[in-house]
Each structure stands twice: as structure tokens, then as C-alpha cells.
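Below: the structure, in C-alpha cells.
A note on names: the letters A, B, ... follow the listed sequences, proteins ahead of strands, and every chain is numbered from 1. Model, not experiment: these values are computed from the prediction.
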Number of protein chains: 2
Amino acid sequence: MNPGGHPTSGGGRTPRRDERSPGKPATALDVAHRAGVSRTAVSFVLNGKSDGNIAEATRQRILEAARELDYRPHPVARSLRTSRTQLIGLITDSIASSPFAGQLLGGATDRARERGHLVAVFDSGERPALEEQAAEEFAGRRVDGLIYASMGLREVASVPDVGLPTVLANCFDARGELPSVIPAEEEAGATAARCLLDMGHRQIGVITGDLVVAGPRRLAGFTKTLAESGVKPVAVQELRGGWTIDAGFHATRAMLTRADGQLRQRRPTAIFCVNDRVAAGALLAAAGLGLAVPADLSILGFDDQEELAANLVPSLSTLALPHREMGRQAVDLLLDVVEQPDAPVTPTLRELPSPLVWRESVAAPPPTR
Amino acid sequence: MNPGGHPTSGGGRTPRRDERSPGKPATALDVAHRAGVSRTAVSFVLNGKSDGNIAEATRQRILEAARELDYRPHPVARSLRTSRTQLIGLITDSIASSPFAGQLLGGATDRARERGHLVAVFDSGERPALEEQAAEEFAGRRVDGLIYASMGLREVASVPDVGLPTVLANCFDARGELPSVIPAEEEAGATAARCLLDMGHRQIGVITGDLVVAGPRRLAGFTKTLAESGVKPVAVQELRGGWTIDAGFHATRAMLTRADGQLRQRRPTAIFCVNDRVAAGALLAAAGLGLAVPADLSILGFDDQEELAANLVPSLSTLALPHREMGRQAVDLLLDVVEQPDAPVTPTLRELPSPLVWRESVAAPPPTR
DNA sequence: TTGTATGCGTTATCAC
DNA sequence: GTGATAACGCATACAA
């Protein structure tokens, strides 16, 4: 209470109460007891509400007592009282099958931790029925909010509404009512184009695919940027269905050779591929045709599928979808609304850039021709 | 709390009190009230302890009341009381970077859900310091137990001990004190061998790698099973470091051709590859050498790296590491000890089989030779 | 400025 | 069989 009091041992006989027997964490009452104050004071100090309420000396005493006792508020008791669990539910259509979803998840858990939250995850495995169920289970568990993450960018028809703050990651809802964070696909296409343009390429080919949402946007940004420099793709191949290494291989051959198997006269000096697998096929096709990459032909991939892109020879320059960052920002978006329950729900749509990952497969075009 | 104890709203209009206004979930007291019994009775019935205590009629009445009110026990309140959060903490060295970790996670969340638990995850991103921190944070959050999962099979030196039940997935501790679940690597090697043997192959090559733990075991099982049939690998290549498509390509060429580039006389009719990337390289090498797969040469991969194996031409037969099952069983192991706190901790080591995934790249050897 | 009393919703211990 | 009553640990309106 006052400096003349007994800051440390109250009685003469060292009862050693400060060393709590392990397994019995200190409670707020213990702290109050030890600091010679009430639980209220403890609560105020530890929640930063001590400003005009608690004397500085008292505050210090409480802080010290808490430290000595290694006090941590019991999260469950706190939750019961505040009706906030500091838990986020993340529902995804497939963590399991995508190498990217993990990045998103990693970003989300990281950021959540920074903001004092845990992320509980549930994988619907592409079974929409389970998503609804998962949402309800999370709601029943009183999570503070929900994140829906999809593996591929897509528009989701309906998100189960269980009365919880919800944000979308790598997807968006038709009615644009929910905050969501997605890749800026058009910009990514533009980045790819600029990369090739800046290296001096003018004869540019593109192998695209029937990607539902992302594809057209990406291609639009690509061709538009090209057009702004007065360049038109010299060749375009559209892959349907399987964007495999094999498909990339054949598409590239078709793009580079004539029917008789000879190299075309007028052929691209650079090819932009819809994804890294296709780019891998392109690499192989080039090798088969005696074209050196990147000396004779530059190849730019998409996705930064690490297991693949970094291990090819030559290693693949590509664009990395911002999965990790989507995870982080989805959490931010969500916690912002969780922590401001009264604020109006702004249907934010954040579009994140896909950074270029420079490796070996892109260089300036060959001087001649 | 309930004003006047009227089951319906006080006013004459819109009685419908049983349809709780959303946002105000029914409590156990509400149920007791509505069924005209005490909370004790409700608790007994809902926790299955009604056997000799509650009259069947009463039991039914309570059940009905609960159903009508759509009562669900408040998990936070329950946790506070039982000091069990029904939460599992999963720490992994890299969800993010591995396509497999997702499977493990999926299996874990699935099984946890079946047993009434949620899985909160944290990705240390290969930073061991963070693992300790994560463990402490989970402990502070009062999770019921911890799972450590690693991306590649390995022995872990020390697992942070935060006084929580812990099990290991896809790794094991040096002292064998912790329950853990890992792939049966030797058996997997045997399975691969038997697969090739059963198809009639006797000239068998293997491209292995310097995989720390799994490699030797797997190879041991493979060669042992071969030996039991009196077969010795006709060629063995060991890859160091990068197990890339490219490495597989060159290793396969080396295995199939002589120094002058001609096909060897005595060459394998089947090759077992350390992983699917290497197998992809083998596929390409075979194609380059004019060998048809699987007609002239069978290729068996390992890992079932889906993005790759299923999309190659021909698609790759391979062995799938039991990641999903490891996740499931890790949860089972963990919850078994969580639910039997008094039982002695048996340092179980479960070894799970890697199923063969039949696709196109393996067939009988060519008749001649 | 500090202390007191109460509620969050459950489970568990007893007397009745 | 049943029904009060006490924790669990924290936060806070309100009284001192």
C-alpha cells in the first residue's frame, strides 16, 4: 500500500509462497493478495485501464507481483467473461491437396498469433456440405470469426451464414457483401508483360488455359500491357483441361514449329505460361528443339510452384501468387471487424500483387532476327 | 433471469418463446426450467450419467426440452469447469512448404472433429526457436495436448516439454519417450519390390538418394525383398542433394546407356525411384531414348506427389506416404492419453503402411531378353 | 482510488 | 431421484 509497507516478505518466516508449486498457475486473486490490493486493481492494471484509477506505485507493485508469480490470465475464464475466444475458424476447400493453401494458412496463423489469436482449421475436402457443418461447429465453439479460403481463385455462390464475422480469402462472393482478399490478377498479367517487355522482347507467345476466374483477368492484363507498347502476342495457345507438363510440351512445340517439324521463322523469343507445370513442359520442348533457355528463348511461368520451379534446369522465373499475404490480410480484415463490432461492415475487396520471382529462364532476346 | 418464469414471452403476442431469439442461446438452466427439473438432472442426462439416477420419463422430458430449445452446452463454460478445452495444438516445421503436410493436417482435423476436438495450428517455418514459443503459447491457451508434425521423416532431438500430453507425427524422438506415428519405411520398400517382382521384373534398377532417415530403411526393405526372390538390383544410382526432375533424367540416362550413348545390353526393365520428381525425370529420359513406358520400361515412383504423378504421361505408379493416416492416428494417440490421464504413458510407435497407387507407368516387362 | 458483489454457464458435491 | 449450492477465474458496475 505505502512504501513503508512490506514490499516483499510479510511475515518473519519466509513462507516461500511466491514459488508456486508447478501445476497450480497463479490466479489474479493470488496476485492481488501478494501485492496487497484487490482483484479489481489487478484487473485494471493488467488490462491497461489503470490510467486515472490506480496510483503508479500501486501499479508497479501489482506488475511486480504478477511477474514474480508468473501470472497469466486464464484464457478460458476470460473468454467466458468477455465472450471472445481469441479463436479464428478457418475453413478451406482443400488444404490437403494444394501446395499453396499451406502458405495461406501459414500467413494466417502467423498474423493471428501476432494479434493474440489462434487459428483452428477445418478442411472440407471440396465437399460443400461439410463447409456448412464446419461453420456451424465453429460457431458452436464460439470462435470470434470465420475465414473462408479456397485453393483456386473463384467466386463463391453462398457462404453459410452463422452470424459470425466472415472474410473470404482467395475467393469472393457474388454479391460483394463480404470483405475479401484476392490476387490482383490483371496486375499480375501486366507484371508478366512488363517483365518480358523490359527485357527487350517483342515477339511474345502465351500459353493460356481455361482457368475460370483468374485466367481471363490475367490474360487481359497481359495483352493490354503489351498493347500499350504496341505489341501483339505473336502466338497464343489455349490449353483445355489438363495444364500438365505434357500439355505445355506439346503446346510449345506447336508454337515453335511448323507442321513439318521445322522451327518457324517467325516465332516468339519469349513465352508466358499459364502455370509452372506448363512452363516445365515448355522448357523440355525447347531443349528438344535445340533451343537454349534463356539464350534463345525466354520462358516465364506462373505460380512459383516451389517444388518445381526452383528445381528445373534452368530454374524457372515465375510469378508468385500472394498466398501468404492473403492469409495475413484476411486475418487483419477479420480481426478489424471483430474488434470493432459497431463499425459498419465495409465490403472491402483487397487485391494483392503477385511478385515476380527472378530465376534463370528469362533473359534478353537473342540479338539477331 | 427469466422474467416471471414464463416459458413464453410475457405479452400475449407472439408467444413462440421456444424459438430462442437468435443471439441468445439457451442455457442448461433454461432447459431445466422448461422441463420442470433441476440443472443437475439436465447435466446428468446430457452427460450420460443418468443411468441409475434419473427416471426414464424425466430423462425423455429433459431431452425433449433440450431439443426444443436447441440447447448446446456452452463450450467455454464447460472448459472452465472441466479444465479441458477440447483443443489440440499442432506444431509443424512447415505446413507451408510441403504439399504433404496438408494431408497430415487434414487427417488430424478430420479425426479431431470426430472426437469432438478442434485443431489449432502453428507453423514454425523451420525456425526451432518458434517451436518452443508455440508450445508455450499453446500451453498458456490450455490446449489439451500437442502434436508435433514434421514434413520429412526425422528424429527430433528435443521436444519442448510444457507439461502437456504430446505425440509426434512423421518424426520420433531419440529417447523413444513420446508416442509417435511414422511411415513403415522398410515395409514400403518391400511393397515396391513386390510390386515389381509380381509383374515379372527381374532386371531391376533403383535410383535412391541420401535421404537421412527414410532412405536407408526404404532401400533396405526393397533390396531385402528382392533378395528373398533371388534378385539383385541390376543397377543402383545414388543421388546426392537435389532430387530433381533433372537429376532423375541424368541418373536414368546413365543407368540405361553406355558411355557412347547407346542403350546398354543389360539394363533394367523396371526402375524404382526415390521420389516422383526423379521418376518424372526418368520418364523423360526414357522418352528421349525411344523407350516406351511401360511397354519397354516400367517406372515406379514414391510419394504420390499428386500435382505431378497423376499428370504425367504416362501417369505415374507410385507409393503414397500415409500422411493423412498419420494425422488421424496422431490425434487418436493423443486423445487416448488425454482421456486417460492416469494410465501409464506407453511410448507407442506406430508404423503405417504406404499404399501402392496404381497408375500407368508400371506393367510387365517386355517378353524378350 | 480501492474494495465488494455479481454474473458468465457448466459440472460436481451433497444433503434431502 | 432430486434440488440447492459451491466452485472454475475473470471482468466490471457500483458502492465506499
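Within the structure, every side-chain polar atom (N or O) of B:S79 is placed at least 4.0 Å from both OP1 and OP2 of C:dT10. Under 4.0 angstrom from either OP1 or OP2 of C:dA12 there lies no side-chain N or O belonging to B:S43. For A:T27 and D:dC8, the shortest distance from a side-chain N or O to OP1 or OP2 is not below 4.0 Å.
Closest to the side chain of A:L80, from the set C:dT2, D:dC10, C:dC8, is C:dC8.
The nearest whole Å value for the distance from the CZ atom in A:R84 to the P atom in D:dT12 is 12 Å. When rounded to the nearest whole Å, the span between NE2 of A:H33 and P of D:dG9 equals 16 Å. For the pair B:R39 CZ and C:dT13 P, the interatomic distance rounds to 16 Å; values are reported in whole Å. Between the P atom of C:dT13 and the CG atom of B:N47 lies a distance of 13 Å, rounded to the nearest Å. The distance between atom CG of A:L46 and atom P of D:dA11, rounded to the nearest whole Å, is 8 Å. Taking atom CG of residue A:L69 and atom P of nucleotide D:dC10, one finds them 12 Å apart after rounding to whole Å. Atom C1' of nucleotide D:dA11 and atom CZ of A:F44 are separated by 9 Å, given to the nearest angstrom. For the pair B:R78 CZ and C:dA12 C1', the computed distance is 14 Å after rounding to whole Å.
Atom CZ of B:R72 has 12 or fewer heavy atoms from other residues, nucleotides or ligands within 6.0 Å.
When each of B:P160, B:S180, B:S124 is checked for a side-chain contact (heavy atoms from CB on, under 4.5 Å) with B:Y148, only B:P160 meets the rule.
Between B:Q103 and B:M326 the shortest side-chain heavy-atom distance does not fall below 4.5 Å. Within the 4.5 Å cutoff, the side chain of A:V143 has no heavy atoms near those of the A:I88 side chain. For the pair B:R84/B:H117, a side-chain contact is recorded, criterion being any heavy-atom separation below 4.5 Å from C-beta on.
Residue contacts for B:V37: at a heavy-atom cut-off of 4.0 Å it reaches the sugar-phosphate backbone alone, with no base atom in range. At the heavy-atom level, A:S83 lies nowhere under 4.0 Å from the strands shown. Using a 4.0 Å heavy-atom cutoff across all strands shown, B:R72 reaches sugar-phosphate atoms only and no base atom.
Side-chain N/O atoms of B:T40 and base N/O atoms of D:dA4 include a donor-acceptor pair closer than 3.5 Å. The base of D:dA7 is paired with the side chain of B:R81 by a donor and an acceptor separated by under 3.5 Å.
No salt bridge links B:R127 with B:D93; every basic N to acidic carboxylate O contact stays at or beyond 4.0 Å. Looking at B:D336 and B:R115, a side-chain N of the basic residue comes within less than 4.0 Å of a carboxylate O on the acidic one, giving a salt bridge.
Taking the C1' atoms of five terminal pairs at each end of the helix from C:dT1-D:dA16 to C:dC16-D:dG1, the two resulting helix axes are inclined by 50°, rounded to 10°.
For the pair A:D144 (side chain) and A:T85 (backbone), a donor-acceptor distance under 3.5 Å is present.
Between B:E64 and B:Q60, the side chains place no donor N or O within less than 3.5 Å of an acceptor N or O (distance only, hydrogens not considered).
Contacts of residues 135-144 of chain B with DNA chain C (heavy atom under 4.0 Å): none.
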Any chance you could lay out the side chain to side chain contact (heavy atoms under 4.5 Å, CB included) test for B:I147 and B:T166, step after step, and finish with the verdict?
CA-CA 6 Å; B:I147 295 177; B:T166 302; over 6 Å; no
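Place B:A77 and B:S38 on DNA chain D by their nearest nucleotides, and B:S38 ends up nearer the 5' end.
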